[in-house]
Amino acid sequence: MPLGETVLVLTGQGAPVYGILHRSRAMTGQSDFFRLQFRGYAQAEGHEWQPFTGDDAHFHATQNCAWVRVDHPSRSVTFGPRGGITASEAFHGTGLATYLFGLTISWVKGIYPDYTVNPGLITLSSTVTEEERLQRNAFYASRGFNLSGRMQTNAAPCFFRIRSTSS
């Protein structure tokens with residue numbers, strides 16, 4: 001069930017990026033599902049606007065999106081996508097992934113505040129600086145989560161377990 005679309009303005013490398021944020025929800029007797037998807041529309045290059053083309057101009061199920069599944073029998077929620085919320089290269093550094101995750105958290109806390117959060121995995125880039133790592137951890141902590149796991153030293157993505165500090 002579509003809930004609507006919104007024009008979203010992000011700032012990437014100091015230049016505005018315009019995109020469309022699509023919200024949808026599905027409900028059954030057992031589960032409730034809420035999803036956000038983002039696609040680029042146009043970005044400023046100098047004094048001109050350039051429309052997005054290719055993959056970044058389309059909605060996807062694995063990048064530039066976030067969702068939460070609510071399981072009513074177990075009174076628990078699971079965030080996704082499975083590998084974590086990732087922004088495509090065009091939207092890296094704009095805060096899109098953080099924004100999408102924050103909206104899914106707000107949605108589920110507003111409707112099901114007493115449900116527990118199922119542990120899940122998030123993918124972290126191995127090129128994260130110490131400052132980015134601290135910002136990421138502070139973001140999750142401010143929303144009631146903590147990260148546990150070990151960061152790998154090779155170029156492969158790292159996996160951390162995320163769980164609610166309230167459960």
Side-chain angles (χ1 to χ4, degrees), residues 1-28 31-72 76-113 115 117-118 120-125 127-128 131-133 135-145 147 157 159-160 162-164:
M1 167 174 54
L3 297 176
E5 292 184 338
T6 305
V7 174
L8 185 63
V9 181
L10 306 170
T11 303
Q13 290 91 32
V17 174
Y18 285 83
I20 308 297
L21 179 68
H22 178 80
R23 296 176 317 281
S24 60
R25 181 178 182 183
M27 295 174 285
T28 68
S31 298
D32 201 350
F33 188 80
F34 176 70
R35 180 173 64 185
L36 299 166
Q37 294 173 288
F38 180 82
R39 70 176 182 88
Y41 181 75
Q43 64 184 348
E45 288 185 13
H47 296 291
E48 295 186 24
W49 287 97
Q50 299 299 318
F52 275 93
T53 59
D55 268 356
D56 292 323
H58 301 282
F59 295 120
H60 296 278
T62 57
Q63 69 179 12
N64 304 328
C65 73
W67 53 259
V68 62
R69 186 181 65 82
V70 177
D71 183 69
H72 298 301
S76 65
V77 299
T78 303
F79 290 96
R82 183 177 178 193
I85 299 168
T86 57
S88 67
E89 181 102 14
F91 307 119
H92 189 267
T94 62
L96 177 62
T98 303
Y99 181 75
L100 294 175
F101 190 57
L103 283 179
T104 58
I105 291 170
S106 295
W107 180 84
V108 78
K109 279 186 171 182
I111 297 176
Y112 305 106
Y115 279 32
V117 176
N118 291 324
L121 295 176
I122 59 170
T123 305
L124 304 173
S125 168
T127 59
V128 171
E131 181 180 334
E132 290 169 327
R133 186 185 68 76
Q135 287 176 343
R136 178 206 62 222
N137 292 358
F139 168 78
Y140 285 111
S142 71
R143 283 150 179 88
F145 296 94
L147 297 175
F159 295 95
F160 281 68
I162 182 171
R163 63 183 175 81
S164 172

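Nearest heavy-atom pair across Leu36 and Leu100 is CD1-O, 3.6 Å. Smallest separation of non-hydrogen atoms from Ala44 and Ala15: O-CB, 3.8 Å. Between Gln50 and Glu48, the closest heavy-atom pair is NE2-OE1, 3.6 Å. Looking at every heavy atom in both residues, Phe52 comes nearest to Ala42 through CD1-N, 3.4 Å. Of all heavy-atom pairs spanning Arg69 and Ser31, the tightest one is NH1-OG, 3.6 Å. Nearest heavy-atom pair across Asn64 and Ala87 is OD1-CA, 3.2 Å.
For the pair Phe101 and Ser106, the minimum side-chain heavy-atom distance is 4.5 Å or more. The side-chain heavy atoms of Leu21 and Gln37, taken from C-beta on, include no pair separated by under 4.5 Å. In this structure, Trp67 and Phe79 have side chains that are not in contact, with every pair of non-hydrogen atoms separated by 4.5 Å or more. At least one side-chain heavy atom of Ser76 sits under 4.5 Å from a side-chain heavy atom of Asp71.
Annotation: the span from Asp56 atom CG to Gln63 atom CD amounts to 6.5 Å, rounded to 0.5 Å. The structure places CD of Glu5 at 7.0 Å from CZ of Arg39, a figure rounded to the nearest 0.5 Å. His60 contributes atom NE2, which lies 9.5 Å from atom SG of Cys65 (distance to the nearest 0.5 angstrom).
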Exercise for the section: Could you walk me through whether Val7 and Ile20 pass the side chain to side chain contact (heavy atoms under 4.5 Å, CB included) test, one step at a time? Expected result: CA-CA 5 Å; Val7 174; Ile20 308 297; 4.2 Å; yes

Problem - Check against side chain to side chain contact (heavy atoms under 4.5 Å, CB included), Phe38 and Leu8 - result: CA-CA 9 Å; Phe38 180 82; Leu8 185 63; 3.9 Å; yes

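Every residue meeting the ring-ring contact (aromatic ring centres under 6.0 Å, His included) condition with Phe59, not counting sequence neighbours, appears here in chain and number order: His22. Contacts of Phe34 classified as ring-ring contact (aromatic ring centres under 6.0 Å, His included), with partners at least two apart in sequence or in another chain: Trp107. Considering only residues two or more places apart in sequence or on other chains, Tyr41 meets the ring-ring contact (aromatic ring centres under 6.0 Å, His included) condition with none of them.
Ring to ring, His72 and Tyr112 are close: their centroids are under 6.0 angstrom apart. For Phe91 and Tyr99, the ring centers sit 6.0 Å or farther from each other.
In this structure, Asp32 pairs ionically with Arg25, as a charged nitrogen and a carboxylate oxygen lie closer than 4.0 Å.
Side-chain contact check for Arg23 and Thr6: at least one donor-acceptor pair (N or O, by modelled atom type) lies under 3.5 Å.
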